[in-house]
> 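This is the structure I have questions about; it appears just below.
Sequential numbering from 1 along the given sequence is applied to the chain's residues. From a predicted model like this one, the values you see are computed outputs, not experimental measurements.
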Amino acid sequence: HETRAGYCDISIDNFEVLEDAGKTLTINDVYRSGVFINVNALNFGYTPSAFWIRFKTPPLCENRKSYVISSFRCLDFISFYRVNNGKIID
């Protein structure tokens, strides 16, 4: 994974998605869930569901600044959680 200008590119093939249609799952529920699916694109259209997106950060990127770039204008909210050695870090 090549880094440029202080950020790290993460390939789309590293993403897994879990749909939370009722918006009721907690980070602990999601962490224990085994129903994530691989996706080819992060495009879910207009939906009332929440989506949990899981990806691994390459070791080269772990100590670098992180940015999220999205062109989807209707995106309401993003929360990030990190798991390190099996422990959830908010």
Side-chain angles (χ1 to χ4, degrees):
H1 298 275
E2 181 179 321
T3 60
R4 295 176 288 162
Y7 66 92
C8 191
D9 292 333
I10 299 174
S11 176
I12 191 68
D13 60 356
N14 290 333
F15 288 92
E16 298 175 307
V17 174
L18 171 65
E19 182 175 5
D20 181 4
K23 300 182 192 176
T24 58
L25 298 176
T26 67
I27 184 59
N28 290 315
D29 297 331
V30 171
Y31 181 67
R32 290 189 299 266
S33 175
V35 293
F36 276 83
I37 58 168
N38 290 319
V39 295
N40 294 326
L42 295 177
N43 182 359
F44 309 110
Y46 295 98
T47 175
S49 296
F51 289 90
W52 294 81
I53 301 169
R54 177 170 68 185
F55 59 92
K56 291 183 180 180
T57 305
L60 179 63
C61 302
E62 287 182 4
N63 294 319
R64 302 193 67 119
K65 291 181 182 178
S66 299
Y67 300 92
V68 172
I69 300 170
S70 173
S71 60
F72 189 63
R73 295 179 185 174
C74 295
L75 184 63
D76 290 338
F77 189 77
I78 299 175
S79 292
F80 287 93
Y81 300 90
R82 190 173 112 188
V83 177
N84 190 5
N85 294 324
K87 183 177 179 183
I88 298 169
I89 303 169
D90 288 339

> Are Phe55 and Leu18 linked, directly or through other ILVMFWY residues, by side chains that come within less than 4.5 angstrom of each other?
no

> In chain order, what residues pass the side chain to side chain donor-acceptor pair (under 3.5 Å) check against Thr47, with sequence neighbours excluded?
Ser49

> Using the salt bridge (Lys or Arg N to Asp or Glu O under 4.0 Å) rule, collect all pairs that involve residues 41-52, keeping only residues at least two apart or in two chains.
none

> Tabulate below the donor-acceptor pairs under 3.5 Å that side-chain atoms of residues 27-37 make, not counting sequence neighbours, or state none.
from: Asp29; atom 1: OD2; to: Thr26; atom 2: N; distance (Å): 3.0
from: Asp29; atom 1: OD2; to: Thr26; atom 2: OG1; distance (Å): 3.2
from: Ser33; atom 1: OG; to: Val35; atom 2: N; distance (Å): 3.2

> For the OH atom of Tyr81 and the CD1 atom of Ile88, what is their distance to the nearest 0.5 Å?
9.0 Å

> Return each pair, listed once, that meets salt bridge (Lys or Arg N to Asp or Glu O under 4.0 Å) where at least one residue sits in residues 34-44; pairs must be two or more places apart or across chains.
none

> Could you name each residue pair satisfying salt bridge (Lys or Arg N to Asp or Glu O under 4.0 Å) that touches residues 43-52, not counting sequence neighbours?
none

> Partners of Phe80 by side-chain contact (heavy atoms from CB on, under 4.5 Å), sequence neighbours excluded?
Val68, Ile78

> Quick one: do Phe51 and Leu25 end up in the same hydrophobic cluster if we chain Ile, Leu, Val, Met, Phe, Trp and Tyr together by side-chain heavy atoms under 4.5 Å apart?
no

> If the condition is ring pair (Phe, Tyr, Trp, His ring centres under 6.0 Å), which residues does Tyr46 pass it with, not counting sequence neighbours?
Phe72

